[in-house]
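Remember, it's a predicted structure, so these values are computed and weren't measured experimentally. A note on names: the letters A, B, ... follow the listed sequences, proteins ahead of strands, and every chain is numbered from 1.
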Amino acid sequence: MTTPEITSAANFIEKIIEEDNQSNKFGGRVHTRFPPEPNGYLHIGHAKSICLNFGLAEKFGGMANLRFDDTNPSKEEVEYVDSIINDVHWLGFDWEGRLFYASDYFQQLYDFALKLIKDGNAYVDSLTAEQIRQHRGTLTEPGKASPYRGRSVEENLNLFERMKAGEFKEGEHVLRAKIDMAAGNLNMRDPVMYRVIHAEHHRTGNQWCIYPMYDFAHGQSDSLERITHSICTLEFEDHRPLYDWFVEKLGIYAPQQIEFARLNLTYTVMSKRKLLLLVREGHVTGWDDPRMPTLSGLRRRGYTAQAIRDFADRIGVAKNESVIDIALLEYFIRQDLNRHAQRVMAVMNPLKVVITNYPEGMVEEMDAVNNPEDPTAGMRQVPFSREIYIERDDFMEEPSKKFFRLAPGREVRLMHAYYIICNEVIKDEHGEVIELHCSYDPATRGGDSPDKRKIQGTLHWVSVAHAMAAEVRLYDQLFNTPTPDEAAEGQDFTANLNPNSLQILNNVKLEPSVAHASLGTSYQFLRQGYFCLDADTTAEKLVFNRTVTLRDTWAKIQTKQ
RNA sequence: UGGGAGAUCGUCCAAUGGUAGGACAGCGGCCUUUGGAGCCGUAUAUCCAGGUUCGAAUCCUGGUUUCCCAGCCA
């Protein structure tokens with residue numbers, strides 16, 4: 001990789017770790033983990049967390065685990081497990097065999113619960129969910145004790161064992177921690193530890209019908225794996241006292257939890273719930289729709305792991321809730337692809353040009369540089385002939401002052417080929433331009449003239465006889481507002497969906513060298529942007545996705561006018 | 001007086017008592033066989049009010065304001 005090191009200042013988590021190493025808090029160990037719930041596909045927000053956790057381990061010579069928080073069988077599926085494993089790998093991280101599941105610890109967690117019951121720190125409650133909610137109190141008023149709070153250890157043990165044995169229906173009983181119903185922190189008002197769920201678990205099958213709540217599983221899982229720094233997002237800040245309480249009552253190893261602000265991006269949404277809704281309601285074609293902020297979507301769109309990692313490095317880590325401009329992500333994919341993508345000529349919206357003084361039937365193979373940023377990328381040959389396609393937007397019958405492409409009487413350069421002058425404009429009966437008659441200067445072969453005369457415009461082109469047809473999918477932001485979550489009164493975020501987020505071009509002409517395109521390979525379509533071959537490609541039809549446009553100063557000039 | 005956490009250029013992130021700096025975005029220019037890339041330059045910020053100090057983004061006091069929490073979700 002030629003990507004230069006992104007050097008950012010130490011973030012606050014690295015500073016904490018440095019201090020911990022100074023004080024020998026964990027004996028110099030650094031052990032993190034990325035703990036997703038397998039209830040959806042990973043998105044770029046997760047990438048931030050993955051890069052953070054695995055990056056920290058790398059930086060401090062420690063380890064990072066991958067652990068699935070699979071405590072709720074009613075929402076979790078193996079499809080998600082597989083995609084998550086694949087995505088973390090794709091990003092370029094390795095858990096070195098330390099792939100764990102919270103469900104690995106179900107027996108241990110059950111034993112922990114038994115201890116808490118025996119010590120009088122947990123009890124079986126038989127209130128309904130609704131009653132529990134009412135007893136919890138409100139943000140400003142304390143809760144009140146459940147009538148079952150005083151059950152004896154024996155009775156609790158008996159009931160809990162029968163919960164486990166499957167004697168009760170869902171909702172009949174739960175196991176609760178006995179803490180403080182008047183706590184200002186609602187998480188401490190006797191939180192539920194276990195609930196009955198009669199559902200098949202993707203790993204433990206029907207072995208269990210009671211499942212630990214996340215709050216009773218997560219901290220202990222970190223403890224069992226001897227995680228040193230349990231990094232999580234801000235909303236778990238007020239769960240930390242609860243995790244600390246469990247660890248203390250259980251007398252087990254105590255990791256240190258550190259919270260950071262999750263990633264938000266303009267023009268997209270970043271919650272699994274909302275992404276799932278987009279998929280379920282058919283607003284996108286699937287989790288890997290190239291407009292989705294999922295890793296599978298970005299990958300299909302043509303984003304590289306390197307670009308995403310560089311992005312994650314650059315945005316930093318802090319506790320300040322922030323929204324990153326999507327332009328920053330685009331900057332990093334352009335940077336990566338500019339250095340690595342082969343250049344190729346593609347005409348999106350073809351306009352036929354006949355070069356009247358070029359011999360009929362003649363074909364020349366023109367030498368073309370594959371990547372001016374990378375001398376090792378070599379050269380290729382592109383066939384040139386009497387009839388070519390150029391971009392319709394590259395011709396203007398009455399050009400404005402700043403337009404320096406083709407126009408009647410004007411000379412432009414055909415990249416890697418010749419200078420041409422437009423002599424005649426052919427129109428159909430509606431006045432629509434359908435063809436241009438031009439003449440070329442044979443002395444300018446290769447795109448350079450002996451007299452060194454100044455040529456303002458350089459156009460890309462494709463030989464009519466050699467052109468390959470393709471479908472090209474142009475993507476725009478999925479939402480038409482930077483903050484789609486802020487929907488108008490009475491509407492939800494789907495009201496902000498951009499109806500024009502996908503535009504399909506069916507008549508794209510490509511130079512023949514792309515015949516060898518393989519899935520996922522990125523090209524720069526000269527002067528237009530970066531594109532990659534899509535999985536929808538068939539033997540009959542090439543399909544390309546536009547990853548991102550090139551920066552376009554002409555477009556900017558136009559919008560200013 | 002419910003609990004917890006934040007507030008620095010337009011957007012992110014730095015600066016931990018000593019010249020407020022970087023990136024993206026913007027603007028201007030140079031260069032160019034991609035109106036790409038690259039290069040150079042440039043404007044813009046410490047939530048507010050007091051206080052401590054030779055000196056405050058940083059420390060103290062008091063405000064303002066934003067976010068999170070009342071799932072048997074994670």
Open item on the list: Categorize A:Arg240 for me: base, sugar-phosphate, or nothing, with a 4.0 angstrom heavy-atom threshold over every strand shown.
Closed with: nothing
TODO: Among B:A70, B:A23, B:C73, find the nucleotide with the atom closest to the side chain of A:Arg314.
DONE: B:A23
Open item on the list: Nearest whole Å is fine: how far is B:C73 P from A:Asp70 CG?
Closed with: 15 Å
Open item on the list: When you measure from the side-chain N and O atoms of A:Tyr331 to the phosphate of B:C24, is any distance below 4.0 Å, counting only OP1 and OP2?
Closed with: yes
Task: Salt bridge A:Arg527-A:Asp393, side-chain N to carboxylate O under 4.0 Å - done: no
TODO: Name the closest nucleotide to the A:Ile132 side chain, picking from B:U34, B:C69, B:C72.
DONE: B:C72
Open item on the list: Heavy atoms only, 4.0 Å cut-off, all strands: where does A:Leu526 land among base, sugar-phosphate and nothing?
Closed with: base
- [ ] Could you tell me whether the phosphate oxygens of B:A37, OP1 or OP2, come under 4.0 Å of any side-chain nitrogen or oxygen in A:Arg551?
- [x] yes
Open item on the list: So A:Asn338, base contact, sugar-phosphate only, or nothing? Heavy-atom distance under 4.0 Å.
Closed with: base
- [ ] Mind checking A:Val317 for me? I need base, sugar-phosphate or nothing, with any heavy atom below 4.0 Å counting as a touch.
- [x] sugar-phosphate
Open item on the list: Check this one for me: any side-chain N or O of A:Thr138 less than 4.0 Å away from OP1 or OP2 of B:G2?
Closed with: no
Task: Separation between the P atoms of B:C9 and B:A5, rounded to whole Å - done: 23 Å
Open item on the list: Taking the basic N atoms (NZ, or NE/NH1/NH2) and the acidic carboxylate oxygens, is any pair closer than 4.0 Å for A:Arg133 and A:Glu130?
Closed with: yes
TODO: Using Watson-Crick or G-U wobble geometry with both distances below 3.5 Å, tell me the partner of B:U16, or none.
DONE: none
- [ ] Could you state the atom-to-atom distance from CG of A:Asp215 to P of B:C69 in whole Å?
- [x] 13 Å
- [ ] Would you indicate, yes or no, if B:C73 has its OP1 or OP2 atom less than 4.0 angstrom from a side-chain nitrogen or oxygen of A:Thr71?
- [x] no
TODO: Look at A:Lys59 together with A:Glu14 and state whether they make a salt bridge at an N to O cut-off of under 4.0 Å.
DONE: yes
Open item on the list: On RNA chain B, does the nearest nucleotide to A:Leu139 precede the nearest nucleotide to A:Arg445 from the 5' side, or the other way round? Give the residue.
Closed with: A:Leu139
TODO: Answer with yes or no whether A:Gln524 presents, from its side chain, a donor or acceptor under 3.5 Å of a partner atom in the base of B:U34.
DONE: yes
Open item on the list: OP1 or OP2 of B:U11 versus the side-chain N and O atoms of A:Ser322: is any pair under 4.0 Å?
Closed with: no
TODO: Could you please name the option among B:A14, B:A25, B:G71 that lies closest to any side-chain atom of A:Asn11?
DONE: B:A14
- [ ] May I ask you to say whether A:Asp441 pairs ionically with A:Arg445, meaning some side-chain N is under 4.0 Å from a carboxylate O?
- [x] no
- [ ] For B:C13, take OP1 and OP2 only and decide whether either is under 4.0 Å from a side-chain N or O of A:Asn320.
- [x] yes
TODO: Look at the side chain of A:Glu373 against the base of B:G36 and say whether a donor-acceptor pair falls under 3.5 Å; ignore hydrogens and angles.
DONE: yes
Open item on the list: Whether A:Lys169 contacts B:C72 is assessed here as follows: a side-chain N or O lying under 4.0 Å from the phosphate OP1 or OP2. Is that the case?
Closed with: no
Open item on the list: Heavy-atom nearest nucleotide on RNA chain B for A:Lys272 versus A:Gly137: which residue maps closer to 5'?
Closed with: A:Gly137
TODO: Could you please name the option among B:G35, B:C24, B:C12 that lies closest to any side-chain atom of A:Val323?
DONE: B:C12
TODO: Find the partner of B:C31: check Watson-Crick (N1-N3 plus N6-O4 or O6-N4) and G-U wobble (N1-O2, O6-N3) distances, both under 3.5 Å, and reply none if neither fits.
DONE: none
Task: Among B:C73, B:A14, B:G35, the nucleotide that comes nearest once only the side chain of A:Met213 is considered - done: B:C73
Task: Rounded P spacing from B:A43 to B:U34 in Å - done: 31 Å
Task: Donor-acceptor contact below 3.5 Å, side chain A:Arg343 vs main chain A:Gln524 - done: no
- [ ] Taking A:Arg195 for its side chain and A:Met193 for its backbone only, find out whether a donor-acceptor pair lies under 3.5 Å.
- [x] no
TODO: Would you classify B:G71 as syn or anti? Syn applies when the glycosidic angle is within 90° of 0.
DONE: syn
- [ ] Determine whether A:Arg380 and A:Gln342 make a side-chain contact, defined as any pair of heavy atoms from C-beta on separated by less than 4.5 Å.
- [x] yes
- [ ] Name the nucleic acid region contacted by A:Arg133, choosing base, sugar-phosphate or nothing; use a 4.0 angstrom heavy-atom cut-off, strictly under.
- [x] sugar-phosphate
Open item on the list: Under 3.5 Å, is there any donor-acceptor pair linking the side chain of A:Asp238 to the base of B:G3?
Closed with: yes
TODO: Answer with base, sugar-phosphate or nothing: what part of the nucleic acid does A:Asp448 contact at a heavy-atom distance below 4.0 Å?
DONE: base
Task: B:G21 to B:C31 separation - P atoms, rounded to the nearest Å - done: 30 Å
Open item on the list: Using atom P in both nucleotides, what's the gap between B:G26 and B:C60 to the nearest angstrom?
Closed with: 40 Å
TODO: With a 3.5 angstrom cut-off on both distances, give the Watson-Crick or G-U wobble partner of B:U46, or none if there isn't one.
DONE: none
- [ ] Measure from NE2 on A:His239 to P on B:C69 and round the result to the nearest Å.
- [x] 8 Å
Open item on the list: Heavy atoms only, 4.0 Å cut-off, all strands: where does A:His416 land among base, sugar-phosphate and nothing?
Closed with: base
Task: A:Phe236 side-chain proximity, nearest of B:A74, B:U34, B:A23 - done: B:A74
Task: Protein-nucleotide distance (A:Arg189, atom CZ; B:G2, atom P), rounded to Å - done: 12 Å
- [ ] Would you please confirm or rule out a distance under 4.0 Å between OP1 or OP2 of B:A74 and any side-chain N or O of A:Arg195?
- [x] yes
Open item on the list: Under a 3.5 Å cut-off for both contacts, is B:A7 paired Watson-Crick or G-U wobble with anything, and if yes, with which nucleotide?
Closed with: B:U64
TODO: Can you label the angle between the A:Tyr110 ring and the A:Phe160 ring as parallel, tilted or perpendicular, going by 30° and 60°?
DONE: parallel
TODO: Using the C1' atom on both, measure B:G18 against B:C59 and round to a whole Å.
DONE: 15 Å
- [ ] State which of B:G36, B:G4, B:G35 makes the closest approach to the side chain of A:Pro372.
- [x] B:G36
TODO: Identify which nucleotide among B:G36, B:A14, B:A70 has an atom closest to any side-chain atom of A:Ala318, counting heavy atoms from C-beta outward.
DONE: B:A14
Open item on the list: So that I can tick it off, tell me whether A:Arg151 and A:Asp125 are bridged by a salt bridge, with the cut-off set at under 4.0 angstrom between side-chain N and carboxylate O.
Closed with: no
Open item on the list: Taking 4.0 Å as the cut-off, does a side-chain nitrogen or oxygen of A:Lys556 come that near to OP1 or OP2 on B:C27?
Closed with: yes
Open item on the list: Side chain of A:Glu235, heavy atoms from C-beta onward: which of B:U34, B:G35, B:C68 has the nearest atom to it?
Closed with: B:C68
Task: Lys/Arg N to Asp/Glu carboxylate O, A:Glu391 vs A:Arg405, below 4.0 Å - done: no
Task: C1' atoms of B:U44 and B:G50, separation to the nearest Å - done: 28 Å
Task: Separation of atom OH in A:Tyr194 from atom P in B:A74, rounded to whole Å - done: 12 Å
- [ ] Calculate the interatomic distance between A:Phe216 atom CZ and B:C72 atom P; express it in whole Å.
- [x] 16 Å
Open item on the list: Can you check the distance between B:C54 and B:G22, where both ends of the measurement are the C1' atom (answer in whole Å)?
Closed with: 30 Å
TODO: Grab the CZ-P distance between A:Arg136 and B:A70 for me, whole Å please.
DONE: 8 Å
Open item on the list: What contact category does A:Leu127 fall into here, base, sugar-phosphate, or nothing, at under 4.0 angstrom with non-hydrogen atoms?
Closed with: base
Open item on the list: From C-beta outward on A:Asn185, which listed nucleotide comes closest to its side chain: B:G3, B:A7, B:C69?
Closed with: B:G3
Task: Between B:U34 (P) and A:Asp394 (CG): distance, integer Å - done: 13 Å
- [ ] Quote, to the nearest angstrom, the C1' distance that separates B:U8 from B:A14.
- [x] 10 Å
